[in-house]
Amino acid sequence: MRRRTPEELGIAAVVVIVALVLSAISPTFRTLENAQILLLNGAVIAFLALGQTFVLLTGGIDLSTGSNVALTGMIAALTMSVGAPWWLAALAAIAVGILVGTVNGSLVHFLKLPPFIVTFATFGVAASIPLILTGASSVSVKDPFFAIIGRGSIFGIPMPVLLVAVAAIVFTIVLRLTPTGVHIYAVGGNQETSRLAGIPIGRTIVLVYAISGMCAAFGGLIVTSRLMVGYPSAGSGNELFYSIAAAVVGGVSLFGGIGSIPGALLGAVLIATVSNGMNVVGVQSYWQPLVIGVIILGGIIIDTYRRRVPLGELLSRLVKRRQAAPADQA
Amino acid sequence: MRRRTPEELGIAAVVVIVALVLSAISPTFRTLENAQILLLNGAVIAFLALGQTFVLLTGGIDLSTGSNVALTGMIAALTMSVGAPWWLAALAAIAVGILVGTVNGSLVHFLKLPPFIVTFATFGVAASIPLILTGASSVSVKDPFFAIIGRGSIFGIPMPVLLVAVAAIVFTIVLRLTPTGVHIYAVGGNQETSRLAGIPIGRTIVLVYAISGMCAAFGGLIVTSRLMVGYPSAGSGNELFYSIAAAVVGGVSLFGGIGSIPGALLGAVLIATVSNGMNVVGVQSYWQPLVIGVIILGGIIIDTYRRRVPLGELLSRLVKRRQAAPADQA
Amino acid sequence: GAVDTGTGTDTGTADGGIPRPAACDSDTPYIAVALPNLTNPYYVAMKEGFETAGADNGFEVEVQIANDDDAAQLSQVQAMLQKKPCALALNGVKSEPAAAIVKAANDAGVPVFTVNVTVDPDALEAQGASIVQYLGADNYAGGAQMAEQVLADLGADADLKIGFVTEPDEVPTRVRDQGFEETVASDANATVVAKVDGNVKPDDSLAATTELLSGNPDINVIFASTGPATYGALQALAGNTNVSVYGFCASEEPLQGNYKGCVAQEPGRYGQLVIEEIAGWLGGATPEAEVLLPLKLFVTGETPAPGEVG
Amino acid sequence: MERTATVDSAMNSGALEVRDIEKRFSGVPVLRGVSVAVRPGEVVGLVGHNGAGKSTLLRIISGAHRQDAGQLLVGGEEQSFSSPADAHEAGIATVYQELSLLPNLTVAQNAFLGVELRKGGILDRARMRRETRELTESFGLDVDPDRKVRDYPVATRQLLEVAIATRRGARFLLLDEPTTSLEGAQVERFLGTVRELAAQGFGIVLVDHKLEELYAVASRIVALVDGRIRIDAAVSEVSRDDVIQAIAGHAMEHTPARERIAPPASDESAPALRAVGVRTRALRSVSLDARAGRVLGLYGLVGSGRTEFLRTLIGLDPVLDGSIELGGAAFRPRTPAHAAAQGIVYVTEERKTDGIVPLLDAGANVTLPVVGRFTRAGFLQRARLRQEAVERMDQLSVLGDRLGPVVRLSGGNQQKVLLARALAQKPRILLLDEPTKGVDLGVKAQIHRMIVSLAHDEGLTVIVVSSEEDEICEIADDIVIFAHGSTSPDVLDASDVTPNDLRTLAWSAA
Ligand SMILES: Nc1ncnc2c1ncn2[C@@H]1O[C@H](COP(=O)(O)OP(=O)(O)OP(=O)(O)O)[C@@H](O)[C@H]1O
Ligand SMILES: Nc1ncnc2c1ncn2[C@@H]1O[C@H](COP(=O)(O)OP(=O)(O)OP(=O)(O)O)[C@@H](O)[C@H]1O
Ligand SMILES: [Mg+2]
Ligand SMILES: [Mg+2]
């Protein structure tokens with residue numbers, strides 16, 4: 001019976017609560033335009049969080065994703081600067097993103113290295129290449145149609161938001177409805193068992209890192225297209241951190257085997273909402289890290305509490321809480 | 001027989017190899033002064049890595065440690081700015097560092113929250129407080145004797161290096177020779193099993209975060225004392241990342257239960273050596289992230305390989321490697 | 001003795017004129033240059049300025065990049081000081097921590113020429129350190145220039161709702177904000193509505209600006225205190241004609257539409273000027289304590305040339 | 001604490017008793033009012049079908065779970081344990097069903113976990129090492145106190161855990177299926193220890209599915225069925241048949257499984273699987289033939305290399321020397337997936353490490369290796385998958401919440417899930433390592449029949465490793481004895497061998 005309520009409900013509730021509070025504080029927060037802006041600004045982190053979710057599900061971590069944003073964005077800009085059309089540039093960026101991921105996955109699997117170190121190394125490599133290629137300067141995008149990725153919209157929904165939505169749907173299908181999805185959870189749940197069960201572990205691991213790399217490429221394309229310039233420090237800010245936090249807030253375990261795409265997406269929306277709310281409501285920039293931290297913490301406390309206690313029992317538990325504690329937390 | 005060679009040997013060998021190569025390339029690298037500078041610069045990351053090791057051993061992670069450097073450094077500077085002597089300021093900073101850690105540990109243990117999120121939140125809080133307290137400006141250190149922490153030296157050994165050495169020895173003793181140490185490994189090995197064995201899990205978890213907070217405070221004191229100014233963006237660079245990487249490079253598992261203080265220390269020395277080497281040898285700034293990444297990766301490959309194959313067998317294995325592959329990776 | 005308290009030696013050079021290290025009299029005097037990073041094109045240009053001018057003036061110039069880490073910059077400088085340079089040209093990562101670097105150079109008897117980022121005078125005094133010269137843009141004037149331009153364009157008593165896209169954690173940007181704010185205050189109808197943090201990055205500035213406007217739809221003027229912030233703010237505005245953008249110039253971005261004015265620094269030239277100041281000093285001239293360079297103003301229809309950046 | 005000191009304190013204190021214990025998990029009742037007592041010096045044998053609630057009861061007494069209702073008394077005094085540490089305090093030591101030593105710690109560290117000896121604030125490692133050695137030696141274990149527990153085989157770990165439990169200053173010992181990994185001689189030795197401990201005044205609760213073992217040591221038999229006590233009587237007052245009747249719900253036919261259907265004559269054609277002089281890191285020389293339609297039993301002492309051999313067949317350890325043939329053709333095991341492609345399927349003896357994926361549900365665990373077979377256009381056919389899982393689980397009578405994480409199933413039911421997984425893979429050659437570990441006696445007989453039938457009726461080649469001589473004799477057609485990583489030269493015909501012969505043979509080989 002507890003199982004029936006989806007795991008993501010708690011974090012969804014938190015998102016709603018935070019949005020309601022912000023709407024109450026600021027009338028501008030609750031406008032449709034602001035909702036668009038919120039989602040648009042959250043799109044890159046959401047993409048990274050989606051990719052990261054795959055990696056985390058197998059018990060890995062992908063630190064390279066932030067600088068992969070810069071690398072792929074730069075690749076797109078450079079490709080266009082030599083005259084290629086926008087779609088070719090986009091493909092090139094995605095190919096490079098997947099390549100970085102494939103390298104990560106191969107090193108992790110075939111050399112049995114800790115993912116933290118492997119992706120730390122590729123993080124450095126991916127950060128250096130754009131700097132080396134361009135001498136730290138930016139590269140303007142030449143093909144105006146490239147703007148469609150970051151600035152276009154369909155029925156008023158910004159293209160990056162659509163891309164995230166499509167990716168989330170596809171990824172959810174992959175995880176829930178294909179053998180690969182089962183394999184990903186199994187590898188993260190118990191790699192030894194998975195090996196004995198004949199699951200192609202190598203393929204699974206390389207795949208998740210490749211997906212993460214692809215997501216980073218989409219992040220790079222969005223950033224570059226929104227600014228219409230490729231620059232080497234893109235994605236070097238809080239993106240990586242926030243994207244991992246988004247996944248974890250959404251219930252993805254750093255130890256593998258637990259979590260879902262909708263959860264990670266909701267985590268990203270929560271972070272986007274809070275970040276947007278800060279600026280819209282006008283919280284002083286010094287206070288922002290503190291407020292973000294406290295809200296996320298509060299959210300996860302609510303969520304954790306809900307997970308442990310089925311919604312129905314919540315009230316009665318609150319009364320006689322003391323007695324229940326030790327054993328069921330096992 | 002394999003047991004007899006300490007786990008840390010591989011990474012020590014890597015440090016030696018890297019140092020030898022750098023010495024061969026650059027005559028300045030192999031000077032005594034440069035060794036001092038190298039260790040001095042590595043001191044903050046080493047401290048953070050030592051603290052992080054405790055947390056990682058229990059299967060947690062401490063992201064707050066970077067901004068805790070800023071917070072504690074600022075506390076020291078502010079304490080002196082109201083007239084307190086340097087040692088009182090140092091104690092105040094250490095107390096605040098421990099406090100932050102204790103809050104982390106308590107939230108992790110008592111509310112059963114993911115360490116990533118808890119310390120992500122305290123990271124924000126610890127980053128905001130110095131900004132709020134001082135309006136983002138720096139606070140000059142008033143007591144000249146405070147310089148002893150960061151600039152002093154005994155027998156030519158810089159004080160921060162001494163502090164790291166003392167801390168490493170004390171921590172090694174704690175981990176290897178006290179019940180608390182055994183409990184830390186146990187909790188990281190399997191928390192449920194440890195609970196069944198009657199280990200005081202709560203105390204252990206709070207303790208490791210407190211130690212990490214204390215190490216951050218030492219980091220904060222060193223930074224502040226070296227620059228003789230408390231400033232709110234201290235520790236906000238690569239410190240956090242590098243300190244975790246140092247621990248992992250040194251053989252500490254992100255999943256808990258495995259690793260040692262000497263290992264983490266060697267990891268920190270490796271990172272310090274590589275960072276210093278880059279600058280001394282004159283690797284172009286654009287190339288540095290790439291070179292650092294590749295060297296660390298190379299180091300960990302050597303180390304992993306050594307761990308898997310006892311040194312003696314190494315040579316014969318190298319010859320007929322193909323045949324041996326599948327099973328040893330288990 | 002065995003124990004060095006690290007409280008420093010009083011070299012006495014702080015008050016007794018500029019020291020002249022032996023290296024200054026070699027054939028190619030060695031000049032140490034410390035810059036914060038190379039990910040901002042600003043410093044790329046400055047580095048080139050240093051290197052070209054160094055070659056022209058017969059110096060051996062070594063440029064070290066701190067990757068925005070103050071402590072790393074300190075140790076980089078310490079490393080270069082061991083090679084006994086003739087002078088140190090310092091663009092600190094942050095104003096206050098840089099004082100420790102100056103102090104280290106003072107102790108080594110090496111004169112310090114600072115550029116672009118001022119070293120906090122209080123911190124210098126607290127540490128008993130001194131610099132020879134500060135050379136850089138007049139940030140306050142830059143902000144003020146933009147405010148004047150706003151008032152000239154929109155009217156001295158225009159109803160202004162101003163939003164800032166800035167970097168509140170850094171001194172130069174705060175000084176620019178201050179210059180703008182204090183100058184625009186002459187218009188009684190001007191109000192500063194909100195300030196957001198653009199992190200000196202175009203993407204963060206883009207996001208922050210969209211949110212700034214979303215929260216404050218009545219804003220009609222944006223002041224962006226850095227080049228990347230200006231660029232990001234412009235991208236955030238695409239199509240929105242109600243808002244005018246003023247700020248420090250985005251690199252090579254033509255001023256058109258609602259991008260109405262910007263001021264530019266010339267980091268390459270700053271590097272060159274520092275070298276020339278050092279050369280002049282070696283030739284016997286007395287360097288001025290402060291060289292404040294006016295910023296170059298650009299208005300609608302103009303485009304900053306390469307190297308002219310905010 | 002010294003054992004003699006424990007005896008004294010145990011003598012003058014009363015019984016450990018639970019009254020009307022109730023426990024639910026997610027609303028589902030598991031214990032429905034259980035009352036039972038154990039007095040010092042007494043061995044209570046606790047039996048019950050898989051999922052009856054035995055482990056849950058033990059976990060409540062040991063403070064690992066909290067009961068929903070009911071009381072817990074020690075020496076007539078009501079206790080309230082809020083953690084296992086409290087139970088330790090009250091003199092209760094527990095060996096849990098799932099091995100719970102910490103593999104990343106050394107033997108000595110595990111032995112003194114939570115009760116470390118100190119000298120001047122730091123660990124007295126020399127003394128702990130010494131006492132650990134004394135302790136393990138008294139249990140006949142040859143282990144190095146300074147080696148990590150992960151280096152030792154399951155059986156050793158199991159005995160080690162019991163040994164450690166006795167030295168925690170305990171008066172009561174709760175042992176949850178402590179013999180599942182032990183081979184015959186070890187079991188006997190272990191039972192001797194239990195008797196000795198009882199004589200010293202320990203009150204012992206022993207959970208075990210093997211009635212012979214219980215009848216050998218218990219003074220009282222308690223049968224737990226569906227969360228209620230069905231039998232609680234002195235051994236002399238209750239017959240084995242009564243117990244079986246209570247647990248399995250029906251009297252068991254005593255016809256040995258293999259006599260039900262005659263095996264095909266062992267023909268002289270090429271064996272389905274042949275090993276010739278196989279040498280690996282852990283095996284010296286293994287040669288044997290396994291024939292289609294027959295069950296080959298591998299017997300040997302712990303550490304003799306049986307598990308190693310099975311794992312070598314699926315490519316987990318490289319073959320250094322010798323050869324393996326599959327249906328006459330040379331076969332070089334590469335990976336489990338590769339072996340599975342040849343129809344070779346392995347069921348592990350270590351559920352926790354490489355058996356289950358703990359947080360996936362039971363059905364997903366069953367169908368894990370075959371998900372790829374249930375797809376259409378690349379997508380899972382979830383209904384068919386579920387159906388397959390349910391069928392397999394029904395076949396093996398998996399009881400409990402099949403939709404929750406498999407780790408929440410009782411131990412025996414997890415074991416059934418592993419077997420169900422093997423069946424789902426439709427193997428040609430089935431390698432079973434301790435297949436009925438922890439399975440209750442009703443289902444065990446059923447599994448035995450199933451194994452025999454898979455070979456005899458469906459023509460599979462089955463290789464079974466078991467430390468239970470009875471089991472081997474019951475289901476195997478041929479038997480090969482392992483010792484020190486080598487096989488005995490001759491194949492025994494199972495119909496000629498008694499469990500006792502097996503033991504003698506294994507000992508003489510070793
Ligand atoms: N932590 C838990 N959460 C939910 N259900 C549980 C949990 N632990 C046990 N159960 C359920 O309680 C029931 C009794 O389990 P228990 O482990 O006590 O059985 P058992 O008698 O020891 O069986 P076995 O002989 O297989 O070991 C089972 O249905 C099991 O699925
Ligand atoms: N005495 C021992 N000390 C340390 N490791 C051992 C010992 N005996 C066996 N091992 C290791 O334990 C593992 C399992 O042992 P093995 O497969 O030889 O046992 P087995 O005959 O299957 O016995 P069982 O399955 O009954 O435990 C192997 O990896 C083996 O190398
Ligand atoms: Mg059980
Ligand atoms: Mg075995």
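These figures come from a predicted structure and were not determined experimentally. A note on names: the letters A, B, ... follow the listed sequences, proteins ahead of strands, and every chain is numbered from 1.
Comparing B/I132, B/L131, B/V125 by heavy-atom pairs within less than 4.5 Å of chain A, the highest count is held by B/I132. Of all the listed residues (B/S285, B/G124, B/G59, B/G293), the one sharing the greatest number of non-hydrogen pairs under 4.5 Å with chain A is B/G124. When the candidates A/A245, A/P115, A/A127 are compared by the number of heavy-atom contacts under 4.5 Å with chain B, A/A245 comes out ahead.
Neither the backbone nor the side chain of A/L133 comes within less than 4.5 Å of any heavy atom of chain B. Only the side chain of A/L107 comes within less than 4.5 Å of a heavy atom of chain B; its backbone N, CA, C and O stay farther away. Proximity to chain A is absent for every atom of B/L196, based on heavy atoms less than 4.5 angstrom apart.
In this structure, the side chains of A/P114 and B/L254 stay at 4.5 Å or more apart for every pair of heavy atoms. Residues A/L111 and B/T304 fail the side-chain proximity criterion, which asks for heavy atoms closer than 4.5 Å. Side-chain contact between B/L113 and A/L297: present, with at least one pair of heavy atoms (C-beta onward) separated by less than 4.5 Å.
With B/I117 as the partner, the side-chain contact (heavy atoms from CB on, under 4.5 Å) test is satisfied by one option alone out of A/V248, A/I301, A/I244, A/D303: A/V248. Remark: of the listed residues A/F120, A/F116, A/F123, A/F120 is the sole one forming a ring pair (Phe, Tyr, Trp, His ring centres under 6.0 Å) with B/Y242.
Using modelled atom types, one side-chain atom of B/Y286 and one backbone atom of A/G135 make a donor-acceptor pair closer than 3.5 Å.
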